[in-house]
Amino acid sequence: MDLRFTPEEIAFRDEVRSFIRAALPASIRHKMVEGRDLSRDDVVAWQRILNRRGWSVANWPKEWGGTGWGPIQQYIFMEEIQMAPAPRPLAYGVFMVGPVIIAFGSEAQKRRFLPRIANLDDWWCQGFSEPAAGSDLAALKTTARRDGGEYVVNGQKTWTTYAQYADWVFCLVRTDPAAKKQRGISFLLIDMKSKGVVVRPIETIDGGHEINEIFFDDVRVPADNLVGEENKGWDYAKFLLGSERTNIARVGVSKERIRRIKELAARVQVRGRPLLDDDIFRRKLASLEVELKALEITQLRVVAAERNRAGRGTPDPASSILKIKGSEIQQATAELLLQVVGPQAMPYGLGDDIGGALAFGELWEMTAAPTYYNWRKISIYGGSNEIQKNIVARSILGL
Amino acid sequence: MDLRFTPEEIAFRDEVRSFIRAALPASIRHKMVEGRDLSRDDVVAWQRILNRRGWSVANWPKEWGGTGWGPIQQYIFMEEIQMAPAPRPLAYGVFMVGPVIIAFGSEAQKRRFLPRIANLDDWWCQGFSEPAAGSDLAALKTTARRDGGEYVVNGQKTWTTYAQYADWVFCLVRTDPAAKKQRGISFLLIDMKSKGVVVRPIETIDGGHEINEIFFDDVRVPADNLVGEENKGWDYAKFLLGSERTNIARVGVSKERIRRIKELAARVQVRGRPLLDDDIFRRKLASLEVELKALEITQLRVVAAERNRAGRGTPDPASSILKIKGSEIQQATAELLLQVVGPQAMPYGLGDDIGGALAFGELWEMTAAPTYYNWRKISIYGGSNEIQKNIVARSILGL
Amino acid sequence: MDFDLTEDQRMIQDSVERLMADRYTFELRQKYRREAEGWSRAVWRKYAELGLLALPFDQQDGGLSGTPVETMIVMESFGRALALEPFFGTIILAGGILRHGAGAAQREAIIPRIVAGEMTLALAHHEREARYARDHVAVTAKRSGDGWILQGRKDLVLQGDSVDRLIVSARTAGATQDADGVGLFLVDARAQGVSRHGYPTQDGLRAATVTLDSVHASTADVVGHPAQGLSILARVFDEATAAICAEAVGAMAALHALTVDYLKQREQFGVKIGSFQALQHRAVDMFMSLEQARSMALFATMMVSSSNAAERGRAMSAAKVQIGRSGRYIGEQAIQLHGGIGMTMEYKAGHYFKRLTMLDILLGDSEHHLGELAAGGGLFQDE
Amino acid sequence: MDFDLTEDQRMIQDSVERLMADRYTFELRQKYRREAEGWSRAVWRKYAELGLLALPFDQQDGGLSGTPVETMIVMESFGRALALEPFFGTIILAGGILRHGAGAAQREAIIPRIVAGEMTLALAHHEREARYARDHVAVTAKRSGDGWILQGRKDLVLQGDSVDRLIVSARTAGATQDADGVGLFLVDARAQGVSRHGYPTQDGLRAATVTLDSVHASTADVVGHPAQGLSILARVFDEATAAICAEAVGAMAALHALTVDYLKQREQFGVKIGSFQALQHRAVDMFMSLEQARSMALFATMMVSSSNAAERGRAMSAAKVQIGRSGRYIGEQAIQLHGGIGMTMEYKAGHYFKRLTMLDILLGDSEHHLGELAAGGGLFQDE
């Protein structure tokens with residue numbers, strides 16, 4: 001047992017760190033540090049930089065451009081991305097539909113889609129949730145009726161992140177209306193430019209536009225875009241939801257936030273003294289650091305255990321703990337940053353349209369409240385914390 | 001709306017306060033302040049002092065020795081008792097079986113038992129819980145079979161506080177074994193000196209002896225000791241559990257504890273400064289005070305609302321909130337006091353048998369941990385906090 | 001001790017609740033928010049008609065001599081409705097300064113116009129460097145002839161871009177955080193040298209940065225003694241704290257009710273999600289937090305009339321601590337229990353959450369007030 | 001990075017777990033507790049036979065040159081079993097001082113006897129006025145001829161009433177909290193002038209107050225430099241912190257398992273109480289808290305070998321904060337979920353709860369260590 005990184009792992013970390021430091025455009029880094037939204041171009045530009053280095057789809061098999069890194073290297077890579085801070089490769093392609101196509105797609109699908117995912121030539125989004133099927137995905141109603149060489153899709157998806165940027169959407173659709181719940185669902189790839197696809201933006205409480213509804217009205221999809229077998233989509237979806245284990249706790253994100261909080265708390269003056277020198281503030285921060293360090297080790301324990309689990313399709317149920325604790329800590333950093341900013345958090349300014357607000361404050365002050373609002377989603381999406389607790393109770397505790 | 005006490009109420013409070021200050025034996029007060037156990041004699045002596053003043057059964061109708069005080073006066077009286085701090089009149093007689101006998105007992109029972117309860121000539125205990133019937137009281141198994149002019153009682157009760165001191169126990173017993181759950185239960189008064197009654201002490205984790213098991217082996221009880229009608233005991237039990245509303249939150253107890261914590265924290269030195277001067281400690285204390293003040297007002301709101309509820313048999317479901325919050329705050333005071341004492345809390349000494357421990361520390365130090373342990377019971381007994389939340393969810397929120 | 005409203009108070013409560021039910025549906029509020037000033041002149045006139053704008057002012061000034069209880073009733077209703085109008089700035093803050101500091105001529109000139117709904121005001125006191133320090137005043141007022149020249153910048157002036165008149169705190173003597181030497185000046189919002197940059201705030205209301213460049217104020221524009229403004233402000237901030245505690249309770253109560261309704265309607269896995277015990281208990285925890293907050297808003301309302309400034313300040317800090325904590329807990333949990341829909345601007349829950357977050361910050365967040373309370377020796381001092 | 005135990009470590013784990021399963025049932029523990037010394041000499045001999053008492057000592061001193069990982073394994077098992085023997089005092093505290101400070105002759109004279117199970121020791125360092133300050137030493141050591149005379153009182157000497165020998169910290173120079181001027185003295189527990197008052201502690205173990213009245217120590221009894229004892233103690237307290245973190249994790253894990261079992265067996269309202277979602281989620285919260293504590297115990301084990309004293313100290317404080325919080329949460333919730341039975345001495349849960357409470361206090365509670373960590377600039381300093 002040695003909980004430190006090996007010299008090889010440290011060398012690897014340093015290599016990743018140096019590369020990111022040199023290659024990450026300053027404008028992107030600044031936006032991330034200040035909590036501003038990235039543009040579509042920012043995300044694409046950065047992923048292509050990674051792709052040129054051969055690191056955009058590090059988690060994939062070498063055959064399709066992957067790196068062959070083990071779980072610990074994957075972890076180190078993602079933590080360095082988070083701490084930079086840099087955007088990670090677009091998850092919907094790299095961590096979701098990509099692995100599904102690799103595992104279950106046809107050769108033609110692989111050749112057609114995978115290189116374009118790696119280079120972010122195609123922007124993918126996820127069509128799982130529906131208004132009446134959130135945590136209870138199996139209740140989905142969107143249908144795909146076979147009609148010759150095509151499927152005709154009707155229905156509605158919601159909470160679709162970045163649908164406004166997307167070229168493609170991977171959907172769960174009901175292909176056998178008679179079958180119950182999980183059965184009769186298929187996994188279909190749909191071109192967003194198809195006739196009958198309409199995207200409606202959903203404004204979130206931070207004032208941003210990340211999520212959307214997608215409406216499908218007699219959308220015709222070539223049958224070739226079915227992944228795997230008809231009516232087996234539920235299995236692929238489960239595979240997908242379990243496939244991203246590398247840093248579900250997002251420890252690097254929280255580390256970066258804590259570093260940022262310290263930097264700002266050293267700048268903010270309270271009655272002539274930096275907030276960072278205040279005993280009570282320091283204890284609050286130290287308390288968060290303790291929790292984060294514990295989470296980091298817990299995450300590393302799960303990563304290390306991955307080696308013994310390799311090949312198993314189901315996620316380690318311990319991932320649920322990482323999801324819960326990770327979300328709580330990220331949310332706590334957002335709350336603490338809001339406290340650091342204080343009354344200066346009140347003015348609202350969005351994107352470039354910040355009106356008179358900039359006369360009042362600075363951008364980093366104005367993003368504190370929106371980030372706090374926005375990050376409430378972390379304990380909701382991808383299976384709410386309540387759902388995660390149900391999973392732990394059942395799978396680990398046997399209750 | 002005027003949230004202050006009226007001049008009449010203040011005059012009443014001062015009268016109660018002066019009386020207690022003059023009449024409460026110093027030895028009893030010291031034991032209470034230091035968290036030591038009271039003897040049976042202590043409790044009896046104090047209740048008789050109150051009885052001589054006409055205040056031992058303040059909540060009863062005047063006819064049976066009560067005071068005729070309204071809810072606010074009852075509240076003030078109880079808070080003063082708690083803040084003195086003094087023991088309150090023995091609840092099992094005064095607040096439990098007494099009101100049941102008054103409401104449902106025969107004239108003979110009233111004349112026989114009530115004056116002896118008021119003067120604590122009879123020490124009563126409560127025989128409700130059984131090993132398989134705690135929160136789910138209706139699952140009780142103790143039977144009482146009618147045999148001529150007597151009942152023959154068999155079974156076991158548990159968690160019986162002060163059974164070792166008791167002259168009488170009021171029991172829920174199953175008189176109709178065929179009836180389901182709540183039906184078929186009767187309310188029976190049993191002389192503890194009866195043949196076949198055996199008390200077994202249960203040592204609790206604080207090392208104290210408050211609770212017991214009682215075994216009934218063919219105990220013969222005169223049928224005259226049945227309260228009200230046979231098989232209606234469940235109704236009387238519900239009445240009993242709802243009858244003590246006056247200060248379920250025990251705000252006065254927590255106030256007294258906070259005063260005590262301040263007194264001790266001023267005495268304890270940390271690196272040459274009183275702990276009470278430490279910013280972090282002061283904030284922790286202030287935080288608890290805020291919660292306690294809020295609870296006090298919440299309690300007063302419920303007390304004031306009693307006037308509009310007078311005569312209704314069921315408790316205000318808001319009482320459940322008082323129970324939950326009150327227990328949390330009392331437990332928080334115990335935890336804070338433990339923190340004040342620090343390492344001096346480690347030695348264990350019980351009663352007069354404190355062995356070498358007194359060579360090490362002082363009594364108030366040695367009672368901090370036992371009180372912390374013992375007070376965990378507050379969120380368990382009388383319907384656990386989880387049960388209380390079920391009640392609020394159903395009765396108030398309609399969930 | 002008596003928690004019942006009087007007959008008159010119940011009438012006020014009924015009428016304001018009815019008004020808000022009619023005129024402040026979620027859809028109407030969205031409309032008002034998009035109006036040029038960010039609030040509704042039409043609704044403001046309704047407030048005037050109902051007498052709400054007259055409530056706290058003395059009868060001799062044209063008011064109704066209402067007590068803090070009436071203010072609490074109105075603010076709680078506004079909290080439920082998420083009202084956007086400058087009631088807090090005009091009536092509670094600026095109005096409070098007029099009540100506690102203005103001379104007869106000033107009161108006569110201004111209060112009837114406020115009561116009639118013809119004039120709105122804002123307090124321009126906060127400065128960027130002040131954070132939560134209430135005695136921080138760097139804007140200067142220098143004597144010039146028999147008047148004053150104001151110079152400097154004020155921030156977060158609530159609805160400062162749409163009001164008619166400002167009350168500006170400025171230093172007539174001493175250093176930035178001295179207890180003495182601050183005066184309060186009535187300034188026309190359109191006066192020479194006043195420039196205002198309005199912007200929305202995170203909760204959908206509006207505020208402004210106000211720059212004062214050699215702005216002239218006459219002796220008649222000084223409210224109270226030109227060196228004793230902070231003591232007036234201290235009193236007014238206590239009243240304002242009690243008022244926003246009530247507003248926050250209104251918002252929390254509405255948000256809690258909305259959440260419980262959602263639990264009763266939303267289905268998952270074929271059953272109402274309100275049947276899940278973990279969510280039931282969460283709703284109970286929120287309810288307890290709400291009731292604790294309500295109790296502290298009542299406490300603040302009761303104590304705000306105390307003439308003992310230290311005791312009053314401690315009570316307001318204690319109330320603000322509880323309100324901030326309850327608001328945060330109820331807000332966060334309401335979003336969590338709603339799931340995705342709670343994260344959207346199309347649904348009311350998120351608006352409550354945002355407002356509650358800002359109400360914690362306004363006049364000092366719960367951490368700040370806990371520190372004040374602890375430094376002042378805690379809450380239970382004389383019992 | 002590697003979390004796997006080596007083959008040897010797994011063997012140690014298996015053998016100690018087997019020993020505890022055989023010799024440390026709840027009933028046997030109750031019996032040991034009632035023995036005169038409050039622990040079992042027979043079990044102590046078993047520890048010696050298994051080599052547990054040799055683990056951390058150097059091979060050249062007759063030990064096994066075990067790493068902190070071996071200590072962690074053993075302490076975790078002891079935590080599960082609620083072991084009563086003076087392993088912590090003899091092997092971790094006193095043994096640590098011998099390892100880090102003793103000369104060859106001292107090691108040769110003592111360590112083989114410890115390893116053989118023939119001698120137990122205690123560290124007599126804590127004094128009543130010290131609270132959690134580790135540099136507080138008021139007991140004095142005055143030169144006398146070529147030896148020393150010890151005078152004063154030591155408190156909370158773990159198992160101090162039954163051990164054979166004491167290591168006493170005493171001030172050879174300077175004032176009570178000076179960093180220099182503290183020496184460590186080997187003293188026979190039955191030496192002239194030593195009087196011991198033993199008493200039980202709240203968790204069922206024992207401790208003693210030791211009074212030193214003109215106790216003589218020779219030059220050969222001084223461990224290390226007579227003015228540099230605190231630096232040895234600092235190192236040993238860090239190792240001791242890592243050790244009790246592991247012990248606490250063992251106790252938490254066992255208590256959590258006991259609670260989950262209870263939820264699966266206990267019925268109420270006709271169903272297993274483990275079917276109630278609110279209780280399931282509580283058990284999950286406890287589990288998360290346990291895993292966080294386990295991670296920090298691993299962290300402490302890893303960092304305790306660091307030669308950077310400041311970094312090591314921060315890591316130990318961070319671990320102790322987490323252990324204290326998790327222990328309290330798991331302990332309290334375990335009692336709550338058990339209900340009445342959890343409050344009784346007849347059932348194991350309460351004993352774990354009591355022990356966890358005392359383990360928080362031992363070597364500084366979580367509040368204390370959070371303060372130390374914050375004062376030291378926090379945990380993440382070099383990343």
Side-chain angles (χ1 to χ4, degrees), chain B residues 129 131-136 138-139 158-159 181 202-207 210-211 268-272 275 278 280-281 284 331 335 338-339 341-350 354-361 366 368-370 372-374 376-377 379-381 384-387 389-390, chain D residues 126 128-133 136 155-156 161 177 196-205 207-209 211 266-270 273 276 278-279 282 328 331-332 335-347 349-351 353-354 357-358 360-365 367-368 370-371 374:
Chain B
S129 294
S135 294
D136 182 14
T158 193
W159 315 133
K181 284 270 182 187
I202 300 176
E203 190 186 1
T204 44
I205 53 175
D206 55 319
E210 284 180 358
I211 54 175
V268 166
Q269 301 283 312
V270 179
R271 292 206 168 263
L275 177 60
D278 176 66
I280 282 117
F281 183 80
K284 210 165 169 178
Q331 291 174 338
E335 195 170 329
L338 184 62
Q339 192 198 322
V341 173
Q344 277 71 32
M346 292 186 73
Y348 170 86
L350 178 66
I354 44 177
L358 264 188
F360 173 79
M366 250 174 284
Y372 167 67
Y373 296 146
N374 182 286
R376 300 313 304 171
K377 75 185 178 194
S379 51
I380 295 172
Y381 66 27
S384 71
N385 283 8
E386 289 76 17
I387 297 279
K389 287 187 186 178
N390 289 346
Chain D
H126 180 76
R128 185 176 157 74
E129 296 72 22
R131 201 170 166 88
Y132 295 126
H136 181 109
D155 290 298
L156 276 178
D161 53 348
Q177 294 194 344
R196 298 181 288 169
H197 293 273
Y199 43 81
T201 50
Q202 297 286 350
D203 47 8
L205 277 67
T209 287
T211 309
R266 173 77 178 173
E267 290 194 7
Q268 246 175 33
F269 306 107
I273 60 174
F276 296 125
L279 306 195
R282 195 87 53 86
R328 174 148 303 185
E332 291 180 353
I335 301 302
Q336 183 70 23
L337 293 185
H338 274 92
I341 186 76
M343 292 292 298
T344 71
M345 287 289 271
E346 298 165 19
Y347 187 75
H351 296 261
F353 172 49
K354 284 153 64 101
T357 304
M358 291 302 120
D360 180 30
I361 290 175
L362 204 59
L363 299 179
D365 67 7
E367 284 289 325
H368 168 77
L370 184 60

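Each chain gets a letter, A, B and so on, in the order the sequences are listed, and its residues count up from 1.
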Report which part of [X] has an atom under 4.5 Å of a heavy atom belonging to chain D: side chain, backbone, both, or neither.
X	result
Gln331(B)	neither
Ala132(B)	backbone
Lys389(B)	neither
Pro131(B)	backbone
Val268(B)	side chain

With only heavy atoms counted, which part of [X] is less than 4.5 Å from chain B, the side chain, the backbone, both or neither?
X	value
Ile335(D)	both
Ala207(D)	neither
Arg196(D)	neither
Leu205(D)	neither
Glu367(D)	side chain
Glu267(D)	neither

Options Gln268(D), His351(D), His338(D), Gln177(D), ranked by heavy-atom pairs under 4.5 Å with chain B, top entry: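 Winner by heavy-atom pair count: Gln268(D).
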Residues Thr204(B) and Glu210(B): side-chain donor-acceptor under 3.5 angstrom: no
May I ask you to decide if [Y]'s main-chain N or O and [X]'s side chain share a donor-acceptor pair within less than 3.5 Å?
X	Y	value
Gln269(B)	Glu129(D)	no
Lys354(D)	Gly204(D)	no
Gln202(D)	Met366(B)	yes

Tyr132(D) and His368(D) aromatic ring geometry - parallel, tilted or perpendicular at 30°/60° bounds: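 It falls in the tilted class, 30° to 60°.
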Residues which pass side-chain hydrogen bond (donor to acceptor under 3.5 Å, both in side chains) with Asp203(D), listed by chain and number, not counting sequence neighbours: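 Applying side-chain hydrogen bond (donor to acceptor under 3.5 Å, both in side chains) to Asp203(D) gives Thr201(D), Arg355(D).
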Pair Leu362(D)-Leu156(D), side-chain contact (heavy atoms from CB on, under 4.5 Å): steps then yes or no: CA-CA 10 Å; Leu362(D) 204 59; Leu156(D) 276 178; over 6 Å; no
Ring-face cation contact, Tyr372(B) with Arg328(D), 6.0 Å cut, 45° max: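 Arg328(D) over Tyr372(B) ring: yes.
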